[in-house]
Chemist: 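Below: one structure in structure tokens.
Atom set for the values below is all heavy atoms of this structure, side chains included, hydrogens, waters and symmetry mates excluded.
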Amino acid sequence: MAGERQARLADRIRVILAERLEKGLRDPRLGFVTITDVRVSGDLQHASVFYTVLGTEEERIASGAALTSATGMLRSEVGRQLSTRLVPTLEFIPDALPENADHIGALLRQAQERDAEVAKLASSASHAGDADPYRAEDDSE
């Protein structure tokens with residue numbers, strides 16, 4: 001029951017924040033920010049908001065600072081649209097999803113190259129040792 005309520009509240013907060021960021025903030029540091037996930041604590045008092053920023057590392061840092069400075073205004077917006085007694089505090093956390101995806105992609109390419117090398121070696125390989133002289137060719141056990 002509490003898990004369902006947490007999930008509904010987290011989803012609603014994600015939608016509210018995404019809509020507000022789509023309208024824009026009056027902070028020139030804010031880049032193209034996408035809210036990827038929101039996780040609400042069990043007591044519904046704290047929300048961790050995960051986000052990604054499209055752009056360079058400097059733009060990511062600047063957008064993080066802009067979100068941090070706009071936390072109070074964004075929390076007020078969430079409180080205005082939610083019908084809860086207490087409004088959860090917001091903590092903005094940069095999502096490492098793009099970096100993890102790049103790393104996994106590099107590992108998959110590396111594994112594919114190694115598989116190709118092994119397949120190339122296997123195609124020209126022969127069996128080790130001689131045939132078993134005690135086993136008949138037509139022995140189909």
Chemist: For Arg12 and Leu82, work out which heavy atoms get closest and say how close.
Modeler: CG-CD2, 3.5 Å
Chemist: For residues Ile93 and Val49, determine if any side-chain heavy atom of one lies less than 4.5 Å from a side-chain heavy atom of the other.
Modeler: no
Chemist: Ignoring hydrogens and geometry, is there a side-chain-to-backbone donor-acceptor pair from Glu59 to Thr56 under 3.5 Å?
Modeler: yes
Chemist: Counting C-beta onward and ignoring hydrogens, is there a side-chain heavy-atom pair between Leu74 and Leu17 closer than 4.5 Å?
Modeler: yes
Chemist: Quick one: does Leu67's side chain get under 4.5 Å of Leu21's, heavy atoms only?
Modeler: yes
Chemist: Report yes if some heavy atom in the side chain of Val38 is under 4.5 Å from a heavy atom in the side chain of Ser48; otherwise report no.
Modeler: no
Chemist: Should the pair Arg14-Asp11 be classified as a salt bridge under the 4.0 Å nitrogen-to-oxygen rule?
Modeler: yes
Chemist: Measuring only between side-chain heavy atoms, which start at C-beta, is Phe50 closer than 4.5 Å to Arg39?
Modeler: yes
Chemist: Heavy-atom distance under 4.5 Å between the side chains of Arg75 and Thr89, does that happen here?
Modeler: yes
Chemist: Thr36 and Asp95: side-chain donor and acceptor closer than 3.5 Å?
Modeler: yes
Chemist: So does Arg114 pair up with Glu117, basic N to acidic O under 4.0 Å?
Modeler: no
Chemist: Could you tell me whether a side-chain N or O of Glu91 sits under 3.5 Å from a main-chain N or O of Ala47, the two making a donor and an acceptor?
Modeler: no
